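Here's the structure we're looking at; comments come further down.
This one's a predicted model, so the numbers in the text were calculated from it and none came from an experiment. In each ligand, atom 1 is the first atom listed, and ligand 1 is the first ligand listed.
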Amino acid sequence: MYNRLSLKIAAWTAGLMYPVCIGLLVVLKVRWPWVVGAIFALLMGFVAYAVVYYTVAERLELARSTLRQIRKRRFDNLEATHVPKSPKSDELSVLVRQVYRTGLAMRREIDELKRMENYRREFLGNVSHELKTPIFAIQGFSETLLDGALEDPRVNRSFVDKTLTHAHRLNALVQDLTEISRLETGALKMQPKAFDIEDLVGEVTVELELQAQQNDVTLTYRMLPDLPPVLGDRDRIRQVLVNLCDNGVKYSEAGGTVEIVAAPVPSGEVKVSVVDDGIGIAPEHLSRLTERFYRIDKSRSRRAGGTGLGLAIVKHILEAHGRKLSVQSRPGHGSIFSFSLDAAKK
Ligand code: ADP
């Protein structure tokens, strides 16, 4: 309740009103004008104190305490700050609101910086761990070759071959890492446009045909009738399909089949599924599949050239389209990875 500004104004009011009161009382011939005048001046001082306190000082104190919280980076109580919201509010309320909004903006920025810092730390840990394997392998094979294996016709070609495989892996890893960091930090923006899903699926199957043949897997597609054009970032959706089909091929046994199916659904969207009859996924892994570097069988993934980032990239691209990846799978029977896209308006 104690407030210096209110006290100052009360003292000025009482001091100014005292001679005025005395003058009036003398004119009105009131007895003891000095005493009665002093009582009146004091009363006016009290009234001035109350008026200044409730109209100005309270809100100044609010602005001051909000600024103190901001300075000390204690944003927890910010929400509790009472901010006047009336549209007819005066300049002081506007000031309090601006201070409060500045606090909110700073809190958002600090939270974002913390998030980025955590992301950076965790990411660096994962990356150095993943890079070690191919780098050590390249180092090991090169040293062995230089130590004499180069002249040994029984191993020299296969060692150079293995060095190259690990160099390819390193390259794939660096590409996927660049991609995922751009997606996770929001640097990669989607550019949705209408496109024909059948065209895209055709391109993807051609691109992966050789890889499917090498794994003795049949890669096909089936488009249901009346497919409307879809809305999305074509290049990114292409990447989603490539990653899902690539997994389908990698995690199928020889003689298996991977099929891309696109079907219109009653909600007006188009559902795209990648169906394989491969090794399948046990239920306990399903919720973690899209985490960065999560692999069920690490050595199988590495042997097949996997980076452990494919499904994380898929998840981010679909999220940027406001979509989710859904997975159904039965170990030993196969998996269905699906997502939907908006139909483009004619
Ligand atoms: P990777 O590069 O290891 O394939 P992904 O992020 O693409 O990384 O996939 C994560 C893991 O999910 C894989 O290592 C694999 O264990 C599992 N997985 C993904 N797709 C399939 C699939 N179609 N069938 C069986 N397992 C799969």
Does an N or O anywhere in [X] fall below 3.5 Å from an N or O of ligand 1?
| X | value |
| --- | --- |
| Ile296 | yes |
| Gly310 | yes |
| Ala312 | no |

Ignoring hydrogens, just give me the one of Phe337, Phe293, Tyr251 whose non-hydrogen atom is nearest atom 13 (C) of ligand 1.
-> Tyr251

Evaluating non-hydrogen atoms only, which member of Pro331, Ala172, Gly308 is closest to atom 8 (O) of ligand 1?
->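 Closest candidate by heavy-atom distance is Gly308.
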
Decide if atom CZ of Phe195 counts as having more than 12 heavy atoms of other residues, nucleotides or ligands within a radius under 6.0 Å.
->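 More than 12 within 6.0 Å, yes.
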
Can you name the nearest heavy-atom pair linking Ser329 to Gly334, along with the distance?
-> OG-O, 3.1 Å

Who's the nearest protein heavy-atom neighbour of [atom], and how far?
| atom | answer |
| --- | --- |
| atom 19 (C) of ligand 1 | Asn247 ND2, 3.5 Å |
| atom 26 (N) of ligand 1 | Ile281 CG1, 3.4 Å |
| atom 3 (O) of ligand 1 | Ser301 OG, 2.6 Å |

Among the clusters formed by ILVMFWY side chains lying less than 4.5 Å apart, do Phe293 and Val314 turn up in the same one?
->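 Phe293 clusters together with Val314.
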
Would Leu244 and Leu286 show up in the same hydrophobic cluster when neighbours are defined by side-chain heavy atoms closer than 4.5 Å?
->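 As far as the 4.5 Å side-chain criterion goes, Leu286 and Leu244 are connected within one cluster.
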
Check Val56, Thr55, Leu62 against Leu92 for a side-chain contact (heavy atoms from CB on, under 4.5 Å) and give me the one that passes.
-> Val56

Looking at Val204, Asn243, Ile317, Asp233, which hits side-chain contact (heavy atoms from CB on, under 4.5 Å) with Arg238?
->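 Of the listed residues Val204, Asn243, Ile317, Asp233, the side-chain contact (heavy atoms from CB on, under 4.5 Å) partner of Arg238 is Val204.
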
Spatial distance of atom CG (Asn247) from atom CG (Leu311) [nearest 0.5 Å] |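 Nearest 0.5 Å value for the CG-CG distance: 5.0 Å.
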
Could you grab the distance from atom CZ of Phe159 to atom CG of Leu164, nearest 0.5 Å is fine?
-> 15.0 Å

Are side-chain heavy atoms of Arg300 and Lys250 found at a separation under 4.5 Å?
->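 Not touching, per the 4.5 Å side-chain cut-off.
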
Do Arg73 and Ile110 have side-chain heavy atoms sitting under 4.5 Å apart?
->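 Counting from C-beta outward, Arg73 and Ile110 do come under 4.5 Å.
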
Assess Ser335 for proximity to ligand 1: is some non-hydrogen atom of it under 4.0 Å away?
-> yes

Can you tell me if Leu289 has a non-hydrogen atom under 4.0 Å from ligand 1?
-> yes

Is it the side chain (CB and beyond), the backbone, both or neither of [X] that lies under 4.0 Å from ligand 1, heavy atoms counted?
| X | result |
| --- | --- |
| Tyr294 | backbone |
| Leu311 | both |
| Lys250 | side chain |
| Asp276 | side chain |

Relative to the heavy atoms of Arg295, which atoms of ligand 1 are at a distance of less than 4.0 Å?
-> 3 (O), 14 (O)

Can you sort out which atoms of ligand 1 are near Thr307, meaning under 4.0 Å from one of its heavy atoms?
-> 2 (O)

